[in-house]
Each structure stands twice: as structure tokens, then as C-alpha cells.
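Index from 1, following the sequence.
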Amino acid sequence: MTVRLWRADAVVLFDWLTSTDLDSVPITHPAQKQALADLLSRLEWAADSDVTGSTAEEIDAARQEVARDMGW
């Protein structure tokens, strides 16, 4: 399966996954935590991914892009 992400989404997800204690994320099955860890791994190792080197400014800009049309 291939999942394509908007770069801003990937940056936001990568930042969240690297800064979140996965033991504190509410889950109903251990596979859910493993799936999050797998997603993090794929974001780190994707051949065309440059999200691991995102600066604080790029992360803030990505957050703004992703949240822009949410109405929050």
C-alpha cells in the first residue's frame, strides 16, 4: 500500500510522533501503538522524505498550513 501525504502533514506528524510519549497515547490494542511507531519509522526512512531535518520555523509553517482551513 502506498500512502501519499502532503509535505506539511508529514512534517506535523513527524514532529508530533517524535515528541510524544507513545506510552501515554490512549490505545485499545497494542497494535495501535506499533502502527504509530511504524509510521514514524516510514517517515524517517522514506527515500523522498526530508521531514527529519525540518527546522522549528518549517514546523510552525506546516502547522499553520495544515490548520488553515479547519475553522478552529
Side-chain angles (χ1 to χ4, degrees):
M1 168 187 276
T2 300
V3 177
R4 294 198 178 269
L5 287 176
W6 184 27
R7 184 179 184 281
D9 285 331
V11 169
V12 170
L13 280 170
F14 182 79
D15 179 62
W16 179 74
L17 286 167
T18 57
S19 63
T20 297
D21 175 7
L22 293 182
D23 290 328
S24 69
V25 174
I27 61 168
T28 57
H29 192 280
Q32 294 167 329
K33 183 167 52 170
Q34 184 59 50
L36 288 173
D38 291 345
L39 175 59
L40 174 59
S41 178
R42 292 301 299 146
L43 288 170
E44 287 176 324
W45 295 107
D48 60 345
S49 175
D50 63 347
V51 299
T52 59
S54 297
T55 65
E57 292 80 15
E58 290 171 320
I59 294 167
D60 287 339
R63 288 177 179 157
Q64 289 176 13
E65 281 184 64
V66 172
R68 181 178 303 140
D69 297 320
M70 291 180 58
W72 290 23

Tell me the closest heavy-atom pair linking Ala62 and Ala8, and the distance in Å.
CB-O, 3.7 Å
Ignoring hydrogens, what is the shortest heavy-atom contact between Val11 and Ser54? Give both atom names and the distance.
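The answer is CG2-OG, 3.6 Å.
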[X] [atom1] to [Y] [atom2] distance, which is reported to the nearest 0.5 Å:
{"X": "Asp9", "Y": "Arg63", "atom1": "CG", "atom2": "CZ", "value": "13.0 Å"}
{"X": "Asp60", "Y": "Thr55", "atom1": "CG", "atom2": "OG1", "value": "8.5 Å"}
{"X": "Ile59", "Y": "Asp15", "atom1": "CD1", "atom2": "CG", "value": "4.0 Å"}
{"X": "Lys33", "Y": "Asp23", "atom1": "NZ", "atom2": "CG", "value": "4.0 Å"}
{"X": "Ile27", "Y": "Leu36", "atom1": "CD1", "atom2": "CG", "value": "8.5 Å"}
{"X": "Leu43", "Y": "Asp38", "atom1": "CG", "atom2": "CG", "value": "11.0 Å"}

When you measure from the side chain of [X] to the backbone N and O of [Y], does any donor-acceptor pair fall under 3.5 Å?
{"X": "Ser41", "Y": "Ala37", "answer": "no"}
{"X": "Gln32", "Y": "Thr28", "answer": "yes"}
{"X": "Thr20", "Y": "Leu17", "answer": "no"}

Starting from the C-alpha separation in whole Å, work towards a yes-or-no answer on side chain to side chain contact (heavy atoms under 4.5 Å, CB included) for Phe14 and Leu39.
CA-CA 9 Å; Phe14 182 79; Leu39 175 59; over 6 Å; no
Please test Arg7 against Asp50 for side chain to side chain contact (heavy atoms under 4.5 Å, CB included), starting from the C-alpha separation and ending with a verdict.
CA-CA 9 Å; Arg7 184 179 184 281; Asp50 63 347; 2.9 Å; yes
Using the rule that two of Ile, Leu, Val, Met, Phe, Trp, Tyr join whenever any of their side-chain heavy atoms come within less than 4.5 Å, decide whether Val66 and Leu13 are in one cluster.
no
Count I, L, V, M, F, W, Y as connected when their side-chain heavy atoms are under 4.5 Å apart, and connections chain through other members. Are Val25 and Leu40 then in the same cluster?
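Yes: a chain of side-chain contacts under 4.5 Å links Val25 to Leu40.
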